[in-house]
Undergrad: 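I'd like to ask you about the structure that follows.
Just so it is clear, the model here is predicted, and its values are computed rather than measured. In this chain, numbering begins with 1 at the start of the sequence shown.
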Amino acid sequence: MDLAENIFPILEERFAAKRELKDKWGLTVVVSKTYLHPVVEFLKNEAPVKMEMLVDIAGVDFLGYKDYEGPRFAVKYVFKSISQPGARMQLKVFVSEDDLTVPTISDLYGIANWQEREVYDQFGVVFKGHPDLRRILNHVEFVGHPLRKDYPAQKRQWLSTNDFMLPELEKRLETLGYKVIQRSKEVGTNDNEFLEGSIKG
């Protein structure tokens, strides 16, 4: 089934979506973040070709792009159909530097919980409504967002406190029917635990 004929016109009519003309494969649709959640819900549950799988969520920083005019950031969502093998599409949402927020879709796809945390960690995009938005790749004390184009490539930061996953594990165990007898405390920063030493670059 041709997505351009069967899905894109519906997205344009119902959600004011626009085809991404620069996508040579013709598989990308640009949508306002206002419509993001309803569009994704439509693609998963109602579309003529349902997008049952969320493959990836990725951040984009357009800082320094030649002849680019528009919001500095974008978030891209890659979907795949299971019922119609081979059918894929992308959604793109532009995000301004002044309002780095996008609605969460973690209630629609469980994997989005982790993928949104990664984009938040690396680019600083805040996913409104996310149940546990915190860093996932960088440590709890990390300052800044390393995949932004203006982040110094050689900058190093000192790690003094570990951020462990016990609270997350305990929640998972409870959903499986286990009883947590003694709940762990989340690890936070402790100024008294900084190690002495220097980083040589």
Side-chain angles (χ1 to χ4, degrees), residues 1-62 65 67-97 99-134 136-137 145 147-148 168 171-172 175-176:
M1 187 178 284
D2 189 351
L3 298 179
E5 293 180 3
N6 294 280
I7 294 183
F8 291 174
I10 301 174
L11 297 180
E12 291 172 4
E13 182 180 346
R14 289 179 56 178
F15 306 106
K18 304 288 183 187
R19 296 280 298 275
E20 175 64 82
L21 300 178
K22 294 182 180 179
D23 178 3
K24 66 179 181 178
W25 305 107
L27 299 176
T28 304
V29 174
V30 179
V31 64
S32 164
K33 65 182 179 179
T34 305
Y35 289 114
L36 175 65
H37 194 277
V39 166
V40 174
E41 192 169 13
F42 167 79
L43 290 174
K44 182 180 181 184
N45 300 320
E46 301 177 44
V49 179
K50 293 180 177 61
M51 297 293 157
E52 299 97 339
M53 180 184 290
L54 173 63
V55 178
D56 196 15
I57 301 176
V60 182
D61 184 356
F62 293 101
Y65 271 48
D67 301 325
Y68 173 76
E69 294 182 5
R72 175 174 168 182
F73 296 98
V75 181
K76 295 178 74 173
Y77 300 80
V78 182
F79 298 95
K80 179 180 178 181
S81 176
I82 298 173
S83 54
Q84 298 281 335
R88 294 173 175 257
M89 68 171 295
Q90 290 188 129
L91 286 183
K92 182 189 286 186
V93 177
F94 287 102
V95 188
S96 71
E97 198 167 2
D99 183 15
L100 275 171
T101 61
V102 172
T104 185
I105 60 167
S106 59
D107 58 317
L108 298 173
Y109 297 92
I111 190 63
N113 185 312
W114 296 83
Q115 294 171 340
E116 289 176 352
R117 283 178 61 185
E118 182 178 356
V119 175
Y120 162 72
D121 192 359
Q122 303 292 359
F123 291 91
V125 176
V126 174
F127 293 86
K128 283 189 173 181
H130 190 285
D132 186 23
L133 193 62
R134 57 193 167 107
I136 192 170
L137 297 177
H145 303 283
L147 289 188
R148 289 189 180 188
E168 187 74 25
K171 289 179 191 175
R172 180 67 60 88
T175 63
L176 296 174

Undergrad: Sort out for me which residue in Val119, Val93, Asp61 forms a side-chain contact (heavy atoms from CB on, under 4.5 Å) with Phe73.
TA: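 Exactly one candidate clears the test, Asp61.
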
Undergrad: Just how far is it from atom NZ of Lys171 to atom OG1 of Thr175, taken to the nearest 0.5 Å?
TA: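 Atom-to-atom, Lys171:NZ and Thr175:OG1 are 11.0 Å apart.
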
Undergrad: Evaluate the side-chain proximity of Leu43 to Met89: yes if any heavy-atom separation is below 4.5 Å, no if none is.
TA: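 A side-chain contact exists here, since the closest heavy-atom pair is under 4.5 Å.
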
Undergrad: Supply the atom-to-atom distance Gln84 CD to Asn6 CG, rounded to the nearest 0.5 angstrom.
TA: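 So the gap between those two atoms works out to 9.5 Å.
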
Undergrad: Heavy atoms only: give me the nearest Tyr65-Val60 pair and the separation to one decimal.
TA: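 For Tyr65 versus Val60, the nearest heavy atoms are OH-CG1, 4.3 Å.
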
Undergrad: How close do Leu36 and Pro103 get, counting heavy atoms only, and between which atoms?
TA: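 In terms of heavy atoms, the two residues are closest at CD2-O, 3.7 Å.
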
Undergrad: What is the minimum heavy-atom distance between Pro71 and Phe62, and which atoms define it?
TA: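 Looking at all heavy atoms of both residues, the closest pair is O-CD1, 3.9 Å.
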
Undergrad: On a heavy-atom basis, which atom in Val49 and which in Ile7 lie closest, and how many Å separate them?
TA: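 Nearest heavy atoms, Val49 then Ile7: O-CD1, 3.4 Å.
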
Undergrad: Considering residues at least two apart in sequence or located in another chain, which fulfil the side-chain contact (heavy atoms from CB on, under 4.5 Å) criterion with Val30?
TA: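 Val30 satisfies side-chain contact (heavy atoms from CB on, under 4.5 Å) with Glu20, Lys92, Phe94 only.
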
Undergrad: First locate atom CG of Asp56, then atom NZ of Lys80, and finally report the distance between them rounded to the nearest 0.5 Å.
TA: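 Going from CG on Asp56 over to NZ on Lys80, the span is 13.0 Å.
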
Undergrad: Mark yes when over 12 heavy atoms from residues, nucleotides or ligands other than Tyr35 sit less than 6.0 Å from its OH; otherwise mark no.
TA: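 No, OH of Tyr35 has 12 or fewer neighbouring heavy atoms, counting only those of other groups under 6.0 Å.
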
Undergrad: Determine whether Val126 and Leu133 make a side-chain contact, defined as any pair of heavy atoms from C-beta on separated by less than 4.5 Å.
TA: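 They are in contact (side-chain heavy atoms under 4.5 Å apart), so the answer is yes.
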
Undergrad: What is the distance from atom CG of Asp132 to atom OG1 of Thr104, rounded to the nearest 0.5 Å?
TA: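 The OG1 atom of Thr104 is 11.0 Å from CG of Asp132, to the nearest 0.5 Å.
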
Undergrad: Grab the two heavy atoms, one from Arg88 and one from Val55, that are nearest each other, plus how far apart they are.
TA: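 Where Arg88 meets Val55 most closely, the heavy atoms are NH1-CG2, 4.4 Å.
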
Undergrad: To the nearest 0.5 Å, what is the distance between CE on Met51 and CG on Leu108?
TA: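 That separation rounds to 15.0 Å.
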
Undergrad: Can you name the side-chain contact (heavy atoms from CB on, under 4.5 Å) partners of Ala112, sequence neighbours left out?
TA: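 In terms of side-chain contact (heavy atoms from CB on, under 4.5 Å), with neighbours along the sequence ignored, Ala112 is linked to Leu54, Ile57, Ile105, Ser106, Tyr109, Glu116.
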
Undergrad: Got a second to check how far Asp107's CG is from His130's NE2, nearest 0.5 Å?
TA: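 Between Asp107 CG and His130 NE2, I get 10.5 Å after rounding to 0.5 Å.
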
Undergrad: Could you list the residues that satisfy side chain to side chain donor-acceptor pair (under 3.5 Å) with Gln90, not counting sequence neighbours?
TA: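 Scan of Gln90 (side chain to side chain donor-acceptor pair (under 3.5 Å), adjacent residues dropped) gives Thr28.
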
Undergrad: Kindly indicate whether the side chain of Val75, heavy atoms from C-beta on, has any atom under 4.5 Å from the side chain of Phe123.
TA: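 No, too far: nothing below the 4.5 Å cut-off.
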
Undergrad: Any salt bridge (charged side-chain N to carboxylate O under 4.0 Å, His left out) pairs touching residues 36-54, not counting sequence neighbours?
TA: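 Qualifying pairs, neighbours excluded: Arg14-Glu46.
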
Undergrad: Take Ile111 and Met53 through the side-chain contact (heavy atoms from CB on, under 4.5 Å) test and state the conclusion after the steps.
TA: CA-CA 9 Å; Ile111 190 63; Met53 180 184 290; over 6 Å; no

Undergrad: Check side chain to side chain donor-acceptor pair (under 3.5 Å) between Lys33 and all other residues, then give those that pass, not counting sequence neighbours.
TA: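 Lys33 satisfies side chain to side chain donor-acceptor pair (under 3.5 Å) with Asp99, Thr101 once adjacent residues are dropped.
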
Undergrad: Going by heavy atoms in the side chains, are Tyr77 and Val102 under 4.5 Å from each other?
TA: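 Side-chain contact under 4.5 Å: yes.
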
Undergrad: Listed by chain and number, what are the salt bridge (charged side-chain N to carboxylate O under 4.0 Å, His left out) partners of Glu97, not counting sequence neighbours?
TA: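 Once residues adjacent in sequence are excluded, the partners of Glu97 under the salt bridge (charged side-chain N to carboxylate O under 4.0 Å, His left out) criterion are Arg72.
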
Undergrad: Answer whether the closest heavy-atom distance between the side chains of Leu147 and His145 falls below 4.5 Å.
TA: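 Not touching, per the 4.5 Å side-chain cut-off.
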
